[in-house]
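Naming: A, B, ... by sequence-line order, numbering from 1 per chain. Source: prediction; values computed, not measured.
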Amino acid sequence: MPLTTIRERSAAALAAALQSQFDHTDDDVSLGIPPNREMGDLAWPGALPLARVFKKSPRAIAEILAEKTNWPAEIDHVEVAGPGFLNLFLDRGVIFRQLLESSGTEHGFGPKTIVEHTNINPNKAAHIGHLRNSVLGDTLVRCRRHLGHEVEVQNYIDDTGVQVADVVVGILYLPEPDLAAALGAETARRDELIGHVVMALGEDKVPQPSTTDFDDLCWEIYPRVTHLYPEDDDFAGRRAEVLHAVEAGCDGMDLDEAVFSLQGSVISGEIFSDRAIARLAGAVAESNVRCHLATMARLGVAYDVLPHESDILHLGFWARAFELLKEAGAIRLETDGKNSGCWVMSLVDSPAFADMDDPDKILVRSNGIVTYTGKDIAYQLWKLGLLTDPDGTLHDFGYQSFATWEQSAPAEPVRYIEGRHTLARTTSNRAQAIPGHAFGNGRTVFNVIDVRQSYPQKVVKEAVRILGHASAADRSIHFAYEMVALTPAAIREIEKRSGKSFGLSDEQMAKAYVEMSGRKGIGVKADEFLDILEATAADAITERAGEAGVPDDLPHRARSIAVGALRYLMAKQSRNRVLAFDFEEALAFEGDTGPYLQYSAVRTNKIFEKLRARRGEGPFERTEIPELVDTEIPDDLWTLILECGRRNEIVMQAVDNLEFSLLAAHVHNLAQLFHKLYHGHPVVPEDDENLRRLRRAVFTLFADEMKIVLEDLLGIPVPEEM
RNA sequence: GCGCCGGUGGCUCAAUUGGAUAGAGCACCUGACUACGGAUCAGGAGGUUACAGGUUCGAGUCCUGUCCGGCGCGCCA
């Protein structure tokens, strides 16, 4: 983009003038943007702090620099303003032509970045908290790809944890009436209920998203299980049994065989086979994963690889990491004290943990079982390409294709059909591979996980450092964001919709927000909310269509608006602020919302449509640039033009700070500038050919820019009409 | 107790990371084209940026302290 380079060149010229005029070296000269367009296009406040150094007034310093600096050709003139700001004015015609010339994106490929996001426990439906994770993660992926990085997207599947086990406990041991109620089944015979569950698992593919999928059944089962644990010791004991069976694995057992075995055990009263339990758990996890993929596909979110925890266990990732940690002297076996019998990593020398009471982190329990953090260290080392075997090769997974997918446009839904993109999953057989695909071994790794995971994330990062990989530790980045909670109004709304009560106290309902909890079943399911959004959008479209009637492509338009509203809502809020979810706010389509942005782009489509019909002219073509005569570009048009040129600067800033509210604010500003111009600068009725051409050119630039920022970067579709 | 994050008009949020007059949206009030769609626009009202000190040409932003709210600090995952 020309603007970034003009800024850099101007700054360099200024630094050179500082050197020649004042013998002053400053290698951090940078230009800002004045608060007001009349003040100029770029500004340098640097004369103010130099006043004392040079014993001259800041204005005098700025005057000299304005005069003596060898400004780039694109700078039209320079002014000194206020207490000593140096304001630069660009040559509008030159910049405008450069922007019209430049193509949208520039791709070169830098070192591989890994972004891990979504990571939903595969034991229940996704809720809106997970959407924040996926939207932020996916936006990061899009922005880094836009900046020319190769990005690999990982969605980690915790398929062997207690949470999956809990659902299996529910299926096998919940009292039959409870289970029947959770499943909404007629029968109360467990063998038939198991059959019911297996039917709901679905076929071996990513389903069409709905609110009656397998993950929705689990959403009902899971809270009933956790609710019963404290009340029934026998039942609670089943958890350890199931977990144990899951860890032992199913040894390749067929699902039908497992179901037959489980049902047989119910009828005969025998105990369940461990292998059958493990097989069922695997099927539960995988079915949930497919449901989650379907949910995220609605938002245009896709992945490259699904690393499975079971494969990390079976392929000895931890065992290898354990050896590396021992070799490096990073961990020690405690022989006495409260951690006796545990392998611990001492963090006492790490500044990040300086003021902790107990700076030791247990990685292996006294019973010999690795902790979650231990596994995570092994996984992180693999992601960074640092999990090496003794012979120097990388310790790796086996891989196979999980699905293939297609996307008709950058912000359209992902379709899991025969497609040219492959979604891989890890396997426990290292001999398996997908030709042409390699995973892991990234230079920079982003872990998108909410802020509550900060402590374990810090431990993982520190382990990488202690192993002697300081720079890799610096490139292990925890992309932390605050949780999504529910306003009391939202809680009441869900209770009303579902006819259930969460039984929250008056005290809890008096707070600003209530934390969601899959364990308690408190939450707004992602698919359910997307359905509500789409229905609301469809109503709005129908209402506005009036006599024209319902358009043929209503579902597509409604989906676009729903996705736009949701993704913008998630992107615009700064990440370290709790998102207190409120239906009324989330369903708003006017004001500072996604649809407002989309509408600005739709309006440009309409202009060009009418223009073609009445005057035979379409969007501005690059070949017309020579015909743009040197008419004065008025301030308001110029402001929009200039903002259109700031994309890369904003994207870089957003990526550096992991703060997409900056990008959201920028695109909102663009749309707002356009909407204001829209009324004062008509195109179709304008008879002055030069003026019309200028406006066509500006609005074409704007439309192209919106398409890139909304669709490519934010994943917000731009519909033809709405 | 220790640590991290937040506190900005009635409400929800921004603020180019130390720059010029603290900006948007919602809600409220007054208005707008028989020109490209009113999911829009023009205008009005609404602020001691929680509080108290400090740093400097300049502080919502940095430092110290206080108050309020949230989260984290497991041989859980």
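Evaluation of atom-type donor-acceptor distances gives no pair under 3.5 Å for the side chain of A:T371 against the base of B:C75.
For the pair A:K610 NZ and B:G37 C1', the computed distance is 8 Å after rounding to whole Å. Rounded to an integer number of Å, the gap from A:D636 CG to B:A42 C1' is 14 Å. Counting to the nearest Å, the P atom of B:U17 and the CZ atom of A:F660 are 17 Å from each other. Note: CG (A:L569) to C1' (B:C13) measures 11 Å, nearest angstrom. Look at CZ on A:R544: it is 9 Å from C1' on B:G38, rounded to the nearest Å.
Note on A:Y513: every side-chain N or O is 4.0 Å or more away from OP1 and OP2 of B:U12. Regarding contacts with the backbone of B:A14, a side-chain N or O of A:S574 is found under 4.0 angstrom from either OP1 or OP2. Distances shown here put a side-chain N or O of A:K511 below 4.0 Å from the OP1 or OP2 atom of B:G70. At B:A24, none of the side-chain N or O atoms of A:T593 fall inside 4.0 Å of OP1 or OP2 (strictly under the cut-off). At B:C57, one or more side-chain N or O atoms of A:R52 fall inside 4.0 Å of OP1 or OP2 (strictly under the cut-off). The side chain of A:N576 places an N or O atom within less than 4.0 Å of a non-bridging phosphate oxygen (OP1 or OP2) of B:G6. Between B:G7 and A:R577, a contact under 4.0 Å exists linking OP1 or OP2 to a side-chain N or O.
Nearest to the side chain of A:C342, among B:C36, B:C75, B:G38, sits B:C75. If you check B:A77, B:C36, B:A39 against the side chain of A:V162, the one that comes closest is B:A77. Across B:G19, B:U40, B:C36, the shortest atom-to-atom separation from the side chain of A:F85 is found for B:G19.
For residues 508-517 of chain A, the pairs satisfying side chain to side chain donor-acceptor pair (under 3.5 Å) are A:R452-A:E515, A:S505-A:Q508, with sequence neighbours left out.
Nucleic acid contact for A:G82: none, since no nucleic acid atom lies under 4.0 Å from a heavy atom of the residue. Nucleic acid contact for A:P35: base, since at least one base atom lies under 4.0 Å from a heavy atom of the residue.
Checked by atom type, the side-chain pair A:Q453/A:N447 shows no donor-acceptor distance below 3.5 Å.
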